Amino acid sequence: VPESSNSLQAYAKDKLSGQMVELFEACQQQTSDLDRKERCRARLQQDIQRVYAVARLYLTGSSMNGLGCRSSDADLCLVLKGNVSMSHSLQRAVIRTHLIRAKVPILRFRERGSDLEFDLNINNTVGIRNTFLLRSYAYADLRVRPMILVVKKWARHNQINDASKGTLSSYTLVLMVLHYLQTLNDPVLPSLQRDYPECFNPVMDIDMVPEGPKHIPPYVSTNQSSLGELFIGFLKYYATDFRWDKQVISVREARALPKTSSHEWRNKYICVEEPFERNNVARAVHEKIKFNAIKTQFAESCRILHGRKDLNSILPVRAII
Ligand code: ATP
Ligand code: MG
């Protein structure tokens, strides 16, 4: 049993928390999964460097931030800099897509003969910065990783974790969990951008970003809530306390900001601030029916779990493991 699991037991003395640890240990990304992704990244980078010598390929997203599952895809960011330009047609496509949907174009492919999926973007370097910010939060307290893994599985199972279908991206869900842990009366997490501004300087050279937060010590919280208490508290916070029409989630400031009438927040159902670019990462939720489905899921799951205190009442654990 790894040492971290031993200490995690302190937060898992009740049945619900034990189930959360069990799900986490069965589903979390293994070293062998990461090694395989890293080998693919290195091979691909070599091939690309034959054409663009100064190109760099970065593994981002849940593969790198400590919040990955065995089944997670591998997100990649190709950084082309200096006077290396993309082909004209690709550049035009990028610009057009930005204008229309303000989304990042993605190249999706699979490793030959396997089910390992890759999502590659070009020059969306904010994804590298926020990957290492999320990684620092993931390791700031032992409870963060199991908590987020269970929330992701719960959201996926209940069909509210798919930005392409107008619900929440995994990235949005992660920021929602961090915000909840930051704003408890007795916080489980601080604002790392406030406490360590030099580690998360938004204009830091991209090559330095992975090194930036290497020496941040774990956060010492006086909050000793179990995993189950935190999970029920998370559902309750978004089911009853959070004011969707008046508040913006800011992990950067570790608080809810008042919703202004600025273009970024006006007429948006859900407002979650990107910690570096400060735009809305939840803009995919643009239909009232999907917004209502999300709120209903929080309320229903909160009601059931509060009564039953059994993870299986809202998520079939055996089927997922
Ligand atoms: P999963 O395990 O489900 O794949 P994930 O943590 O990889 O989850 P995604 O929503 O797939 O999360 O996003 C992958 C990465 O892309 C994020 O970690 C983040 O670095 C970046 N990203 C996603 N959405 C945004 C956004 N709106 N703005 C900036 N970066 C984003
Ligand atoms: Mg991913």
Side-chain angles (χ1 to χ4, degrees), residues 23-24 27-30 33-34 37 40-41 57-79 97-98 101-110 115-139 144-178 193 200 202 206 209-210 212-213 248-252 264-265 268 270-286 320:
L23 186 61
F24 170 63
C27 297
Q28 68 167 318
Q29 176 176 268
Q30 305 290 305
D33 303 328
L34 178 59
K37 292 172 181 175
C40 288
R41 184 207 63 79
L57 198 55
Y58 291 84
L59 206 46
T60 65
S62 64
S63 314
M64 268 317 265
N65 65 18
L67 304 170
C69 307
R70 299 216 64 180
S71 58
S72 293
D73 64 355
D75 300 290
L76 292 170
C77 177
L78 176 61
V79 181
T97 317
H98 267 298
R101 307 265 340 230
K103 272 193 187 172
V104 177
I106 296 279
L107 182 63
R108 179 165 285 179
F109 54 93
R110 247 175 237 288
D115 53 3
L116 176 53
E117 193 165 88
F118 288 86
D119 273 356
L120 182 147
N121 72 67
I122 300 177
N123 283 348
N124 188 38
T125 49
V126 68
I128 304 174
R129 297 187 198 282
N130 62 35
T131 291
F132 286 90
L133 176 66
L134 261 46
R135 185 183 169 86
S136 306
Y137 280 115
Y139 290 99
V144 175
R145 297 168 65 229
M147 171 87 180
I148 288 175
L149 186 138
V150 171
V151 168
K152 275 194 196 174
K153 292 287 181 192
W154 162 78
R156 171 84 33 116
H157 176 72
N158 290 292
Q159 288 156 351
I160 58 164
N161 173 210
D162 191 344
S164 71
K165 297 200 172 108
T167 60
L168 304 164
S169 69
S170 295
Y171 184 52
T172 304
L173 278 163
V174 171
L175 293 173
M176 288 171 68
V177 175
L178 298 180
Q193 283 169 289
F200 303 107
I206 215 69
V209 168
V248 176
I249 291 173
S250 174
V251 167
R252 178 178 58 90
E264 207 57 54
W265 315 123
K268 303 296 189 302
I270 303 184
C271 297
V272 181
E273 182 196 67
E274 207 293 319
F276 292 96
E277 294 191 325
R278 304 192 192 179
N279 50 19
N280 187 10
V281 306
R283 58 185 174 267
V285 186
H286 59 91
I320 286 170

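Please read all numbers here as calculations on a predicted model, not as lab measurements. Remember, it's 1-based here, ligands and their atoms both numbered in the order they're listed.
- The protein heavy-atom contact nearest to atom 21 (C) of ligand 1 is N130 OD1, 4.1 Å.
- Panel note: side chain R70, backbone D33; no donor-acceptor pair is recorded below 3.5 Å.
- Considering backbone and side-chain N/O atoms, R283 never comes within less than 3.5 Å of an N/O atom of ligand 1.
- Not a single salt bridge (Lys or Arg N to Asp or Glu O under 4.0 Å) links E264 to another residue, sequence neighbours left out.
- The backbone N or O of L168 sits less than 3.5 Å from a side-chain atom of N161, completing a donor-acceptor pair.
- Residues L149 and C69 form a side-chain contact, since some pair of their non-hydrogen atoms from C-beta on lies under 4.5 Å apart.
- Residues L134 and L175 meet the side-chain proximity criterion, which asks for heavy atoms closer than 4.5 Å.
- Inter-residue side-chain proximity for V144 and L178 is flagged as met; some heavy-atom pair is nearer than 4.5 Å.
- For atom 18 (O) of ligand 1, the nearest non-hydrogen atom of the protein is G61 CA, 3.3 Å.
- At a 3.5 angstrom cut-off on N or O pairs, S170 counts as close to ligand 1.
- From the protein, the heavy atom lying nearest to atom 6 (O) of ligand 1 is S62 CB, 3.3 Å.
- Under 4.0 Å from ligand 1, the heavy atoms of K152 that appear belong solely to its side chain.
- At a threshold of 4.5 Å between non-hydrogen side-chain atoms, the residues Y139 and R145 count as touching.
- The closest donor-acceptor contact from the side chain of R41 to the backbone of L57 lies under 3.5 Å.
- Using a 4.5 Å cut-off on side-chain heavy atoms (C-beta onward), L59 and L76 make contact.
- Under 4.0 angstrom from ligand 1, there are no non-hydrogen atoms of T60.
- Close contacts of ligand 1 with E274, meaning ligand atoms under 4.0 Å from a residue heavy atom, involve 28 (N), 29 (C).
- Close to ligand 1: D73, with a non-hydrogen atom less than 4.0 angstrom away.
- Every atom of ligand 1 with a heavy atom of T131 under 4.0 Å away is listed here by number and element: 20 (O).
- In this structure a side-chain-to-backbone donor-acceptor pair under 3.5 Å is missing from T131 to N65.
- For the Mg ion (ligand 2), the nearby protein N/O/S atoms, meaning those under 2.8 Å, are D73 OD1, D75 OD2.
- By the neighbour-count criterion of 12 heavy atoms within 6.0 Å, atom CD of E117 is densely surrounded, having more than that number from other residues, nucleotides or ligands.
- In terms of polar-atom proximity, defined here as any N/O pair under 3.5 Å, G127 does make such a contact with ligand 1.
- Distances between N or O atoms of S72 and those of ligand 1 include at least one value under 3.5 Å.
- Given atom 22 (N) of ligand 1, the protein heavy atom at minimum distance is Y171 CD2, 3.9 Å.
- Residue R156 has at least one heavy-atom neighbour below 4.0 Å for each of these atoms of ligand 1: 3 (O).
- Here the side chains of K37 and S72 are in contact, with some heavy-atom distance below 4.5 Å.
- Using a 4.0 Å threshold on non-hydrogen atoms, atom 16 (O) of ligand 1 does not count as touching the protein.
- No donor-acceptor pair under 3.5 Å is formed between the side chain of E274 and the backbone N or O of V281.
- When non-hydrogen atoms are compared, ligand 1 lies under 4.0 Å from neither the backbone nor the side chain of M64.
- S62 places no side-chain N or O within donor-acceptor distance of the main-chain N or O of L67, the cut-off being under 3.5 Å.
- Interface atoms of ligand 1 facing D75, defined by a heavy-atom separation under 4.0 Å, are 7 (O), 14 (C).
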